[in-house]
Amino acid sequence: MLQRYEPTAIEAKWQGRWAADDLYHVADDDPRPKWYELVMFPYPSGDLHIGHWFQYAPYDARVRFMRMRGYNVLAPMGFDAFGLPAENAAIQHGIHPYVWTMDNIERMRGQFKSIGAVFDWKREIISCLPEYYRWNQWFFLQLYRKGLAYRANAPTNWCPSCQTVLANEQVINGRCERCDSPVERRDLEQWFLRITDYADELLDFSKVVDWPERIKTMQRNWIGRSVGVELSFDIADHGLEEKEIKVFTTRPDTVHGVTFLLLAPEHPLVERLTSPGRKAAVQEYVAQARMATEIERLSTDRPKTGVPIGTTCINPFNGEQVPIFIADYVLAGYGTGAVMAVPAHDERDFEFATEQGLPIKVVITPPEWDGGGLSEAYTGQGTMVNSGQFDGTPGDKAFDAAAGYAEEHGIGRRTVSYRMRDWLISRQRYWGTPIPIIYCPKHGAVPVPEEQLPVLLPEDAQFQPTGESPLKRHEGFLHTHCPVCGEPAHRETDTMDGFVDNSWYFLRFMSPHYAEGLVDPAAARKWAPVDQYVGGAEHAVGHLLYSRFFIKALRDVGLLKLDEPFLRLFNQGILLGEDHEKMSKSRGNAVNPDDFVGTLGADAVRVFLMFIGPWEQGGSWSNTGIQGVSRWLNRLWALGTKDLSGLDGDVDRVAVRELERVTHKTLKKVTADLEGFQFNTMVASLMEMSNHLGRAWDSGSIDAGSWRDAVETLILMVAPAAPHLAEELWGLTGHEYSVHRQPWPVWSEELAQDDEVTLIVQVNGKLRDRLNVSLEITETEARELALNSERVAPYLDGKQVRRVIYVPGKLVNIVV
RNA sequence: GCCGAGGUGGCGGAAUGGCAGACGCGACGGACUUAAAAUCCGUUGGGGAGACCCGUGUGGGUUCGACUCCCACCCUCGGCACCA
């Protein structure tokens, strides 16, 4: 052995050398085939914790592997630097968000370098810098011109703690996804992006290559497409301008069972349609509904409440008078904000009718129905009854019969509703991209001319949150002139949701310093789309959906000919603490990666994170587990630094051949595992090979040339996972720098082939003997051997052999 | 409630329908050491002296053969959840 393995020393050495040589530079004019492998970039909200490493280490190995396989791999890194977490933290620490953010980035960049990350830092992007967010603003203006960005007064999700509105995707069970505060409702004039225009296209995944089924399902459920019918209930005799109430239903076949009609408390007709005698009660109910938090309103186990408004409408199918109620379980934002209630065939309506003592009329035949009343709603299909001319229509024809009738008689039309709402992007906070709109008393909302971009975020704003945008009180920012008439005007003071920034960042990496546009068209032609994206599943219905929308919108704006941003997606799991619980400082189970990088070395941390278990399932940290990996790296070091002058004894051809076979088998397995994100078994098979090498050395039966070949291949295979150790051993074994520029070795199926196999002998499916036989053994020979086996004989004694099953090269099963 | 993933030794986990438990951790025994650490060697699913028997959440099924496929159920985790 030449010297001891000292990970921290060699890691610092190689990190310096790689940086000095610009080893990871990615050139646009590289002739090799391109591969864009992207990992989600982090918020610079503190430091990189072990969970980040769990995401980045296997990704880093994949990038190195793809490079060795001959691809020009774009592997960039940057910082998602705008947004609430950074701002909240800055307020807590009493420093400016910019200073705080940039300090964090500096620190995190250093951490990235300390594990030998493969990124090309010349391509770094930081989304809070004007050279980045300028294109955010440009993007917004394109959407605005296309009618895909609009301003509207609408009920919004207000987080009282973050002091801003939130998008629907940022509300989890009625609570703010960041701070867990119950969300309140506020009616505000806000900017929206028309993602619902793309609802149908977003449901179509035919143009992605490989996405987890789970994520696709989550997006489909989030979009929530429902095919139904919009029906008009007549209110002409109330003397209002509106002559009808439109309801949306997916069950027009149940329309004869309508016994009342429900409006959302926010429905625009409520006030005018309420009878004078019901005014007070209705106003009280509406006020109560407004006060209730979203959690209360959305709770399904709360009793269904509501009050009659004292007026009726007419069922267009049978002319019946139907009383109208308001109830807060009806959502103003879905469908038409009004529903026809069919208690017999809808669970919620059934509950409401029972509470209120309203009639329940069966119009769809439940299976084995006795003709009487129901104890619970029947929501399945069935033959129509009590439905006039529709009586007897079978369940599978019922929808079309009713929908067709409605369309023929001009009382309804087929339509589609979506659960997904438009994306609310306004934020009443400082640390975000200013929305590039100017309000002129004469010309209304006017887009900032593109040549005036970026609209700079002023540095000297008072950014303490108050519920209004801090920019509103910044005189210098607020006051400007109308781009149309030049008269005094004021700027939009809300900033953009941080998810706008990161919905297109992957494009910016292609030409990070391009000043003429969001992305250099030539660079986009070369690099787009992302071939492989890696990140957490928590972004399923946020970031990943927004990005797909953005790419489709950019295509329609004419900038890019691209349908999907990410062809393949892989979601790694979550790393838990040693106690198998979620890591947190308060639980005391948090792991600081820097401690291990500084002692056992970055390579040990990297390899251990890959070894824990299947990446997509996550895993638990283990302080002793990483020791085991560290021990293995030491053994690798010992194998790679053997003094080969001793290898001149008797060479055993069988042992040499065995070493060759193990090498090629391992190469085949490691290659397949890196292709398939199976990092844990990749490490395991590398360990097996090094164990084999150790035994082979001890036996003294290998010649120096064969030993060198095996060790060389092993070092190359270790390079993606443990880049520093591999580089050092590569040099020590007399190879030329750098191991990371070597081609990935190729295995030979022939050399990996066994020439002897273990034949399993079973009797009635139970293992009774193993026989080492030649690969070329014939079926007859195998049967013969099995039936004559001494160990098998007792089980055949006195019994008749009924059948013998032979699986070539595997087993013989004797059925008696 | 609905959708998805999962349930294998003391622990993390491995196994194209064909030797269950690879690899690693831990534990135990041994070598080296005055001693400890480190390192190395050996043993390690349970039962049994043993040949053997039993074992992949539970109960059925398909099959010569099931951790693997099918049906029903239980449990854990993740997502969605008054969307008419």
Side-chain angles (χ1 to χ4, degrees), chain A residues 172-174 212-218 220-222 224-226 228 247-251 254 262 264 297-302 304 327-331 333-342 345-349 351-352 379 417-421 537-538 540-541 571 573-574 576 578 580 582 607-608 611-614 616-629 631-632 634-635 638 678 680-691 694 698 758-770 791 794 802-807 809-816:
Chain A
I172 313 287
N173 290 330
E213 210 49 52
R214 185 167 61 111
I215 303 292
K216 291 194 230 176
T217 305
M218 280 167 77
R220 285 194 198 103
N221 291 343
W222 184 260
R225 183 177 200 266
S226 294
V247 302
F248 173 74
T249 180
T250 55
R251 292 298 300 273
T254 64
L262 296 166
R297 270 194 77 169
L298 293 176
S299 165
T300 43
D301 39 68
R302 197 174 60 126
K304 303 273 175 289
D328 65 3
Y329 73 88
V330 178
L331 306 174
Y334 183 75
T336 59
V339 301
M340 57 177 222
V342 186
H345 305 295
D346 181 280
E347 282 162 17
R348 297 149 301 180
D349 298 343
E351 203 187 313
F352 186 83
T379 57
S417 276
Y418 299 92
R419 209 197 77 107
M420 181 172 67
R421 313 285 203 268
E538 68 272 18
V541 294
N571 296 118
I574 295 168
L576 304 172
E578 280 212 283
H580 311 303
K582 207 176 160 178
V607 174
F608 176 62
F611 186 54
I612 286 176
E616 75 269 32
Q617 283 172 33
S620 302
W621 178 261
S622 161
N623 285 324
T624 51
I626 191 174
Q627 301 286 343
V629 164
R631 280 198 282 269
W632 175 61
N634 272 289
R635 288 198 295 275
Q678 306 290 318
N680 57 329
T681 50
M682 170 196 76
V683 175
S685 53
L686 288 171
M687 286 174 169
E688 284 183 74
M689 175 167 169
S690 59
N691 289 345
D698 292 343
T758 305
L759 195 67
I760 306 305
V761 183
Q762 297 178 333
V763 177
N764 286 346
K766 293 209 175 206
L767 175 74
R768 295 304 175 194
D769 199 6
R770 313 161 189 207
R791 296 176 58 94
R802 296 172 54 176
R803 224 175 126 185
V804 177
I805 286 141
Y806 174 67
V807 182
K810 286 254 170 76
L811 81 145
V812 179
N813 188 14
I814 303 162
V815 187
V816 296

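Letters A, B, ... are given to chains in the order of the sequence lines, protein chains preceding strands, and every chain is numbered from 1. Basis for what follows: all heavy atoms, side chains included, without hydrogens, waters or symmetry-related copies.
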Atom CD of A:Glu347 and atom C1' of B:G1 are separated, to the nearest Å, by 8 Å
A correct 5'-to-3' footprint of nucleotides 6-18 of chain B, with B, S and - meaning base, sugar-phosphate only and no protein heavy atom under 4.0 Å, is ------BSS-B-B
How is A:Arg768 classified with respect to the nucleic acid when contacts are heavy atoms under 4.0 Å: base, sugar-phosphate, or nothing? sugar-phosphate
Query raised in the report: Considering only the P atoms, how many Å lie between B:A37 and B:G18, rounded to the nearest integer?
Result: 44 Å
_Taking the P atom in each of B:A66 and B:G55, what is the distance between them to the nearest angstrom?_
12 Å
Between CG of A:Leu767 and P of B:C54 the distance, given in whole Å, is 13 Å
Taken in chain and number order and not counting sequence neighbours, the residues that satisfy side chain to side chain contact (heavy atoms under 4.5 Å, CB included) with A:Val342 are A:Thr254, A:Val258, A:Met340, A:His345
Ignoring backbone atoms, establish whether A:Arg419 has a side-chain N or O less than 4.0 Å from OP1 or OP2 of B:A84. no
By side chain to side chain contact (heavy atoms under 4.5 Å, CB included), A:Arg635 pairs with (sequence neighbours left out) A:Arg631, A:Trp632, A:Asn691
Need one value for A:Ser622: base, sugar-phosphate or nothing, where a base atom within 4.0 Å counts as base even if backbone is also close, heavy atoms only.
nothing
> What's the verdict on side-chain contact (heavy atoms from CB on, under 4.5 Å) for A:Ser226 and A:Tyr334, showing C-alpha distance, side-chain angles and the deciding distance?
Replying inline: CA-CA 11 Å; A:Ser226 294; A:Tyr334 183 75; 3.5 Å; yes
If we take the C1' atom in both B:C71 and B:G24, what is their distance in whole Å? 37 Å
Per the O4'-C1'-N9-C4 / O4'-C1'-N1-C2 angle with a 90° window around 0, B:G9 comes out syn
Between B:G10 and B:A5, how many Å separate the two C1' atoms, rounded to a whole number?
26 Å
| query | Between A:Arg631 and B:C25, is there a side-chain N or O to OP1/OP2 distance below 4.0 Å? | reply | yes
Rounded to whole Å, the CG-P distance (A:Asn634 to B:U39) equals 7 Å
query: Taking the side chain from A:Arg419 and the backbone from A:Trp222, do they hold a donor-acceptor pair closer than 3.5 Å?
result: yes
Distance below 4.0 Å between A:Lys216 side-chain N/O and B:G79 OP1 or OP2 | no
Of the listed B:G24, B:C64, B:C23, the closest approach to the A:Ala684 side chain comes from B:C23
### Query
For A:Val815 and A:Val804, what are the C-alpha separation, side-chain angles and deciding distance, and is it a side-chain contact (heavy atoms from CB on, under 4.5 Å)?
CA-CA 6 Å; A:Val815 187; A:Val804 177; over 6 Å; no
- For B:U8 versus B:C54, give the span between their C1' atoms, rounded off to a whole number of Å. 15 Å
The side chain to side chain contact (heavy atoms under 4.5 Å, CB included) partners of A:Glu347 (sequence neighbours excluded) come to A:Ala377, A:Thr379
The reported gap from CZ in A:Phe248 to OG1 in A:Thr336 (rounded to nearest 0.5 angstrom) is 9.0 Å
In short, A:Val816 meets A:Arg802 closest at the heavy-atom pair C-CD, 4.0 Å
Residues passing the side chain to side chain contact (heavy atoms under 4.5 Å, CB included) test with A:Asn623, sequence neighbours excluded, are A:Glu578, A:Phe596, A:Trp621
field: Euclidean distance for P, B:G60 against B:A14 (whole angstrom)
entry: 29 Å
Q) Under 3.5 Å, is there a donor-acceptor pair between the side chain of A:Arg225 and the main chain of A:Ser417? A) no
| query | Taking the P atom of each, how far is B:A49 from B:G30, in whole Å? | reply | 24 Å
Of A:Asn221 and A:Asn691, the one whose nearest nucleotide on RNA chain B sits closer to the 5' end is A:Asn221
Using a 4.0 Å heavy-atom cut-off across all strands, classify A:Lys304 as base, sugar-phosphate, or nothing.
-> base
B:G9 and B:C23, which share atom name C1', separated by this distance in whole Å
15 Å
Look only at the side chain of A:Asn813 and the backbone of A:Ile805, and say whether a donor-acceptor pair between them is shorter than 3.5 Å.
no
Here the distance between atom P of B:A20 and atom NZ of A:Lys766, to the nearest Å, is 10 Å
request  = Output yes when at least one side-chain N/O atom of A:Thr217 is less than 4.0 Å from OP1 or OP2 of B:G79, else no.
outcome  = no
| task | Tell me what A:Gly335 touches on the nucleic acid: a base, only sugar-phosphate, or nothing, going by heavy atoms under 4.0 Å. | result | nothing
Item to check | Residue-phosphate contact under 4.0 Å: A:Arg803 side-chain N/O, B:C64 OP1/OP2 | outcome: yes
From CD of A:Glu351 across to P of B:A84 the rounded distance in Å is 17 Å
Rounded to whole Å, the CZ-C1' distance (A:Phe248 to B:C82) equals 15 Å
From CZ of A:Arg225 across to P of B:C3 the rounded distance in Å is 20 Å
(message) Cation-pi check for A:Phe352 against A:Lys304: NZ or CZ below 6.0 Å from the six-membered ring centre and within 45 degrees of the axis, yes or no?
(response) no
### Query
When you check the phosphate oxygens OP1 and OP2 of B:A84, does a side-chain N or O of A:Tyr334 lie under 4.0 Å from one of them?
yes
Does the base of B:C19 carry an N or O that pairs as donor and acceptor with the side chain of A:Arg770 under 3.5 Å?
-> yes
Base-pair string, RNA chain B, Watson-Crick plus G-U, cut-off 3.5 Å on both distances, | for inter-strand, is (((((((..(((.....[....)))((((((.......))))))(((....)))..(((((..]....))))))))))))....
Contacts of A:Gln627 and A:Arg421 projected onto RNA chain B by closest heavy atom; the upstream (5') one is A:Gln627
When rounded to whole Å, the CE to C1' distance for the pair A:Met218 and B:C77 reads 13 Å
With the side chain defined as heavy atoms from C-beta on, A:Met687 is closest, among B:A84, B:C80, B:G24, to B:G24
